**Q** 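Right, I'll just put the structure down here and ask away after.
Per chain, numbering begins at 1; letters A, B, ... match sequence-line order. Here the structure is a predicted model, which means the values were calculated and not measured.
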There are 2 protein chains.
Amino acid sequence: MKSRLTIGKLAEAAGVGVETVRFYQRSGLLAEPARPFKGYREYSQADVRRILFIKRAQTLGFNLGNIMGLLKLDGPQACSLTHDLAVNKLHLVEGKITELRSIRRALKQMVRQCELDHETGTCPIIHALVEGSMPGEF
Amino acid sequence: MKSRLTIGKLAEAAGVGVETVRFYQRSGLLAEPARPFKGYREYSQADVRRILFIKRAQTLGFNLGNIMGLLKLDGPQACSLTHDLAVNKLHLVEGKITELRSIRRALKQMVRQCELDHETGTCPIIHALVEGSMPGEF
DNA sequence: CTTGACTCCGTACTTATATACGGAGATTAC
DNA sequence: GTAATCTCCGTATATAAGTACGGAGTCAAG
């Protein structure tokens, strides 16, 4: 079923605001739709999917520029570009996870320390984060 | 050696711009330094470390507000206050880890899809946008 | 002592990603 | 048929995190 949508329906279906749709249009992320009726924009389900794609790609760390690039391309080279971008992001994300785990360890230790001895110290996270920094004045 | 730095030297040592230092000061991320000399700010190595910390924390996805909170964990405080702050930041960090793990999962899926279909010459992600439904959960 | 680099300050501008506003016309619900 | 809602448009505002500008004072090198 090819349901035809107004801008408001599209926005609702995709979980964004009407203004966001207009903004995506201005930005070139969505093509200007047909306006068969008093200048009112008319959208299709494909537009819903396109916005959902944009939103999902955003949560993966792609910005709108990246996304526009992805959307413009099709065919085998698009796949390899997509692949490379994804692999890069993946490495970035794994590095961050590792670092956050070490911060978490430090924080847990801090909490435990605090609960055991009622002693005050400086925060181990900060020293874990800044290589070579001495404990003390911050 | 307690080298005393001008704002320019500090900025250079920390790899940021002079204006950024002033901005951090306005934002409360750096304390107003002493100005023993015609109103010129004077910094120490501790300020360099503090800026490096800020920059590092940013790459992990903390915003300046978060970072201000993390910085408050350091230094002498009432133990109960430290404890509460630490628990609070621990939750922040765990949320960040969870978020990144889900991004990682999605990216891995995306990479896998691309690799599977690479021989066929079509990118499943792009293809799905043109017609039909998205590959699940990408 | 002159020249160029550095510092001061407040304010304005930038980029990315949207949101909001205002007023006119169209559509829909009751 | 009237009120509420929706759509149109261009422009303005929001937020985070800086970055740049302009003019005046100051410092360091040649």
**Q** Describe the nucleic acid contact of A:Gly17 in one word from base, sugar-phosphate, nothing, applying a heavy-atom distance below 4.0 Å.
**A** nothing
**Q** Is it the case that the side chain of A:Ser27 and the backbone of A:Leu29 share a donor-acceptor pair, with hydrogens and angles ignored and the cut-off at 3.5 Å?
**A** no
**Q** If you pin B:Gly65 and B:Phe37 to their nearest nucleotides in DNA chain D, which one's is more 5'?
**A** B:Gly65
**Q** If I take atom NZ in residue B:Lys9 and atom P in nucleotide D:dA28, what distance separates them, rounded to the nearest angstrom?
**A** 12 Å
**Q** Nearest whole angstrom, please: distance from the P of C:dT7 to the CG of B:Leu5.
**A** 11 Å
**Q** Using atom CZ of B:Arg35 as one end and atom P of C:dC8 as the other, report the distance to the nearest whole Å.
**A** 6 Å
**Q** Where the side chain of B:Gln58 is defined as all heavy atoms beyond and including C-beta, which of D:dG18, C:dA18, D:dC9 is the nearest nucleotide?
**A** D:dG18
**Q** Between A:Glu42 (CD) and C:dA26 (C1'), how many Å, whole number?
**A** 16 Å
**Q** What nucleotide among C:dT17, D:dG18, C:dA26 has an atom nearest to a side-chain atom of B:Leu64?
**A** D:dG18
**Q** Whole-Å distance between C:dT17 C1' and A:Phe23 CZ?
**A** 5 Å
**Q** Nearest to the side chain of B:Arg22, heavy atoms from C-beta on, is which of D:dT26, C:dC9, C:dT19?
**A** C:dC9
**Q** At what distance, to the nearest 0.5 angstrom, does CZ of B:Arg4 lie from CD of B:Gln45?
**A** 9.5 Å
**Q** Of B:Gly8 and B:Arg26, whose nearest nucleotide on DNA chain C comes first from the 5' end?
**A** B:Gly8
**Q** Verify the contact: side-chain N or O of B:Arg41 to OP1 or OP2 of C:dT7, cut-off strictly under 4.0 Å; return yes or no.
**A** no
**Q** Evaluate the side chain to side chain contact (heavy atoms under 4.5 Å, CB included) criterion for residues A:Ile67 and A:Leu64: first the C-alpha distance (whole Å), next the side-chain angles of each, then the deciding distance (0.1 Å), finally the verdict.
**A** CA-CA 5 Å; A:Ile67 295 170; A:Leu64 295 184; 4.2 Å; yes
**Q** Which residue, A:Thr20 or A:Lys38, contacts DNA chain C at a nucleotide closer to its 5' end, judged by nearest heavy atom?
**A** A:Thr20
**Q** Give the rounded distance in Å between these two atoms: OH of A:Tyr40 and P of D:dC9.
**A** 10 Å
**Q** What's the separation between atom OG1 in A:Thr59 and atom CD1 in A:Ile54, rounded to the nearest 0.5 Å?
**A** 12.5 Å
**Q** When the distance from CD of A:Gln25 to P of C:dT17 is rounded to whole Å, what number comes out?
**A** 17 Å
**Q** Is NZ or CZ of A:Lys9 both nearer than 6.0 Å to the six-membered ring centre of A:Tyr43 and within 45° of the ring axis?
**A** no
**Q** Which part of the nucleic acid, if any, lies within contact of B:Thr6, taking any heavy atom under 4.0 Å across all strands shown: a base, the sugar-phosphate backbone alone, or nothing?
**A** sugar-phosphate
**Q** If you only use heavy atoms from C-beta on, which nucleotide in C:dT17, C:dA18, D:dG10 is closest to the side chain of A:Asn63?
**A** C:dT17
**Q** So which nucleotide from C:dT7, C:dG25, C:dT11 ends up closest to the side chain of B:Ile7?
**A** C:dT7
**Q** Which of these nucleotides, C:dA18, C:dG10, C:dT27, is closest to any side-chain atom of B:Glu19?
**A** C:dG10
**Q** Identify which nucleotide among C:dC21, D:dT7, D:dG18 has an atom closest to any side-chain atom of A:Val18, counting heavy atoms from C-beta outward.
**A** D:dT7
**Q** Roughly how many Å is it from CD1 in B:Ile51 to P in D:dA17, rounded to a whole number?
**A** 16 Å
**Q** Identify the two heavy atoms, one from B:Ala14 and one from B:Ile51, that lie closest to each other, and give their separation to 0.1 Å.
**A** CB-CG2, 3.5 Å
